[in-house]
Amino acid sequence: MAQPQDVMRLDSFVRGQWTGSGEPAAEIHSAVTGDVVALATRSDLEMREILAYGRAVGGGNLRKLTFHQRAGLLKALADYLSQHKDRLYRLSFHAGCTRTDAMIDVDGGIGTLFSYAGKGRRELPNTKFLLDGAVEGLSKGGAFAGQHVVTSLRGVAVHINAFNFPCWGMLEKLAPALLAGVPVVTKPATITSYVAYELVRIITESKVLPEGALQFIVGSTGDLFDHLTCQDVVSFTGSADTSQKLQRHPAIARDAVRFIAERDSLNAAILAPDAVPGSPEFDLFIKEVAKEMTVKAGQKCTAIRRALAPAAQVDAVITALRERLGKVAVGNPESDKVRMGPLVGLGQRSDVLAHVAKLRSEAELVAGDPDNFALVDADARRGAFVPPLLLHCAKPMAATAVHEIEAFGPVSTVMGYDGLEQAIALTNRGGGSLVASIYSHDIAAATELAFGIGSFHGRVAIIDRDCASEHTGHGSPMPQMLHGGPGRAGGGEELGGVRSLQHYMQRTALQGSPRMLSGVTGRWFKGSPVLDGELHPFRYHYDDLEIGSSIPTTVRCLRTTDWTRFASSNRCSRERASRCG
Ligand code: NAP
């Protein structure tokens, strides 16, 4: 296994510089060999000053830019990262990632930046604030009206990430915050912070972001929460335990600090009754369950933890999954033969095996043996290896653990259902999940299932033969689509295109006279003053036009010939075209 040239020393990047006392605070071990790969250095960071610097310098710099200019930053950053991603792949092996796993993390993160850059240019105006909805008349005489506007918060976005996606996790939160004009303080999970550290190194080398737009904290956040205000936002991804602990911090309640949480999720895949063995949908279901169990060794927040099938198909499902999982080579993720690497560390392995033991009180292990499995090019005593483990719960309606315990590894439980109503009830027993997928070619069944489980899920993917070759997968959050879920999943929303900017912006009902509102928002509406000019508005250069410029004419009927004449008489002359650039 390729070693990092030296054990990496991980500093924080705060107030515009790399900072660390050099005193090691924590050793970070390779998931594969157990060797020390990095040392998180301790530095007594002044959290109050970090936040103040972010708000003043980063926020000030970002708020000077329009949405299009901020989108340009994201595009430039994505381009730069694309040229340097091999540095991230190399380190990802130590976190247990195969090349495919690393691409999901690294390329997925860069792709999210590109997506937000495109959306910022196409879907947002070239302004520093947004208008929300139409002007509302608020008085009889028309002298008082209202318009909702949306402006950037004047605080800092504090992003706390889980270990499983050190790159995607950071970038998918960073893109909407920066596009919204809010600077970021990001904190990676310590166990994979060396990958996140390298990512921030590349970002700082790129010199793309304005000063203060990004700060990076390795290790503890100390007393950071004590200094949060109503202008700051916390976006957390990780376990329900940590999320609840952080959400209970007095500052969160005191200042109504926005808190977005993405946490444990007992995601389900549902095989519909029409998807019998031999149908394309049955095969798609088997493929997706096996894939979700093994990609990133099942350490995905969206992985399929519960595989639901009509009771009559349970045996066929177990047989097909057993066969497919049996072909998955587990071992050193750098080996070409290996399809699944280890868990992120020995602690995570202990957690997963403890959770599997609890699940086995309600479910029988039907594939995989944690005590006896083949390994390729690796040592089971040193790396955090676990084989894919498939369970079968024979009485899912009476069970609780299988609907509540998330074994964050290559673990899934098959359960049979009797009728669509029961499938819906079982799926919703997850108590709120990020995603569920339905495998059906029958519109009636898919409709009943989708609307039966919709309110418990942030995303529902209906997968059938028609989208088989192009669907993006049960487990892939897409930047255009919402990622988050109610209840156990945290109640948060991320991504979803420009929707996610709302977390970092404040909606304000702006009220005033039509003249004032029109001038402040830069948009003319009925009732605002009309400016009579000497020329027809089309005769002015764009820069000389004012809001409300107009020319009064008598009413007349416009015919096609008028449009044609207008178009030909207003064709840009060479001279005008060069003036317009
Ligand atoms: P975790 O232990 O809850 O840690 C999550 C993050 O919180 C880490 O960055 C951690 O930093 C930080 N943290 C812990 N205590 C903190 C404190 N007192 N103040 C500030 N930050 C603190 O979760 P994990 O082990 O990284 O991830 C595994 C879990 O995350 C799984 O249970 C999985 O369900 C969930 N997850 C959910 C999603 C989702 O989108 N819903 C995605 C991925 C993972 P340190 O590492 O330095 O402790």
Side-chain angles (χ1 to χ4, degrees), residues 10 12 25-28 31 38 40-42 45 47 95 104-105 108 158-170 172-173 185-197 216-226 228 234-249 251-252 259-267 295-303 305 343-352 354-355 384 404-409 411 430-435 457-459 475-477 482-495:
L10 311 181
S12 296
E27 285 186 345
I28 304 173
T41 64
R42 190 200 313 274
L45 300 175
M47 296 299 164
I104 294 171
D105 187 33
V158 176
H159 292 166
I160 300 178
N161 291 317
F163 69 78
N164 53 346
F165 286 109
C167 298
W168 177 82
M170 187 194 300
E172 62 104 13
K173 286 183 166 69
V185 173
T186 188
K187 179 211 153 7
T190 300
I191 198 163
T192 51
S193 54
Y194 50 96
V195 185
Y197 167 86
F216 171 73
I217 296 175
V218 177
S220 166
T221 50
D223 64 356
L224 183 144
F225 272 57
D226 292 342
L228 294 176
V234 177
S235 182
F236 170 85
T237 301
S239 63
D241 284 349
T242 311
S243 166
Q244 285 167 34
K245 186 168 136 199
L246 295 180
Q247 208 161 3
R248 279 197 295 267
H249 191 283
I252 301 288
F259 191 95
I260 309 160
E262 306 289 338
R263 51 189 212 198
D264 306 1
S265 185
L266 276 295
N267 314 295
V295 168
K296 289 221 49 128
Q299 299 166 110
K300 278 189 1 180
C301 51
T302 49
R305 304 293 171 202
L343 298 175
V344 74
L346 295 175
Q348 186 65 16
R349 183 173 71 176
S350 303
D351 282 357
V352 167
H355 284 146
E404 292 177 3
I405 293 175
E406 183 195 39
F408 205 62
V411 183
S433 307
L434 297 171
V435 54
H457 293 82
R459 180 163 63 88
S476 307
L482 197 80
H483 174 58
R488 189 190 307 284
E493 283 188 0
E494 287 183 340
L495 301 177

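First listed ligand is number 1; within each ligand, the first listed atom is number 1. Sequence positions, counted from 1, serve as the residue numbers for this chain.
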* Structure fact -> The atoms of ligand 1 lying under 4.0 Å from a heavy atom of T190, numbered in the order shown, are 45 (P), 46 (O), 47 (O)
* Structure fact -> Near K187 (heavy-atom distance under 4.0 Å), the atoms of ligand 1 are 9 (O), 10 (C), 11 (O), 12 (C), 21 (N), 45 (P), 47 (O)
* Which atoms of ligand 1 sit under 4.0 Å from any heavy atom of R263? -> 37 (C), 39 (C), 41 (N)
* Structure fact -> If we number the atoms of ligand 1 from 1 as shown, the ones under 4.0 Å from a heavy atom of T221 are 19 (N), 20 (C)
* Asked: Can you tell me which residue and heavy atom of the protein come closest to atom 28 (C) of ligand 1, and the distance to 0.1 Å?
  -> F163 CE2, 3.6 Å
* Main-chain N/O of L343 paired to R349 side chain as donor or acceptor, under 3.5 Å -> no
* Asked: Quick one: CG on D105 to CE on M170, what's the gap to the nearest 0.5 Å?
  -> 9.5 Å
* Which ligand 1 atoms are under 4.0 Å away from a heavy-atom of K245? -> 18 (N)
* Among protein heavy atoms, which sits nearest to atom 8 (C) of ligand 1, and what does the distance come to when rounded to 0.1 Å? -> N161 O, 3.2 Å
* Which option, T242, D351, L434, T237, owns the non-hydrogen atom nearest atom 5 (C) of ligand 1? -> T237
* Asked: Is the backbone of L434 close enough, under 3.5 Å, to the side chain of R459 for a donor and an acceptor to pair up by distance?
  -> no
* Per-atom contacts of ligand 1 with E406, taking only distances under 4.0 Å to non-hydrogen atoms -> 31 (C), 32 (O), 33 (C), 34 (O)
* Could you find the nearest protein heavy atom to atom 43 (C) of ligand 1 and give me its residue, atom name and distance? => N164 ND2, 3.2 Å
* Structure fact -> So the atoms of ligand 1 within less than 4.0 Å of a heavy atom of L246 turn out to be 17 (C), 18 (N), 19 (N), 20 (C)
* To do: State, to 0.1 Å, how close G238 and A162 come at their nearest heavy-atom pair, and which atoms those are.
  => CA-CB, 4.1 Å
* Asked: What residue and heavy atom of the protein are closest to atom 33 (C) of ligand 1, and at what distance?
  -> F408 CE1, 3.3 Å
* Structure fact -> heavy-atom search around atom 38 (C) of ligand 1 in the protein gives C301 CB, 2.9 Å
* Structure fact -> Checking heavy atoms under 4.0 Å, the part of F236 that sits near ligand 1 is side chain
* **H483 and ligand 1 - part of the residue with a heavy-atom distance under 4.0 Å** => side chain
* Structure fact -> The closest protein heavy-atom partner of atom 32 (O) of ligand 1 is D264 OD1, 3.1 Å
* Flag: protein heavy atom within less than 4.0 Å of atom 25 (O) of ligand 1 -> yes
* Below 4.5 Å, heavy atoms only, C-beta onward: do F408 and R305 meet side chain to side chain? -> yes
* Under 4.0 Å from any heavy atom of A162, which atoms of ligand 1 are there? -> 26 (O), 27 (O), 43 (C), 44 (C)
* Does a donor on one side chain and an acceptor on the other come within less than 3.5 Å for S265 and N267? -> yes
* To do: Measure the acute angle between the ring planes of W168 and H483, then classify it against the limits of 30° and 60° as parallel, tilted or perpendicular.
  => perpendicular
* **From the candidates S239, P188, G238, A189, the one that places a heavy atom nearest atom 3 (O) of ligand 1** => S239
* Asked: Is a side-chain N or O of K296 found less than 3.5 angstrom from the main chain of N164, in a donor-acceptor match?
  -> yes
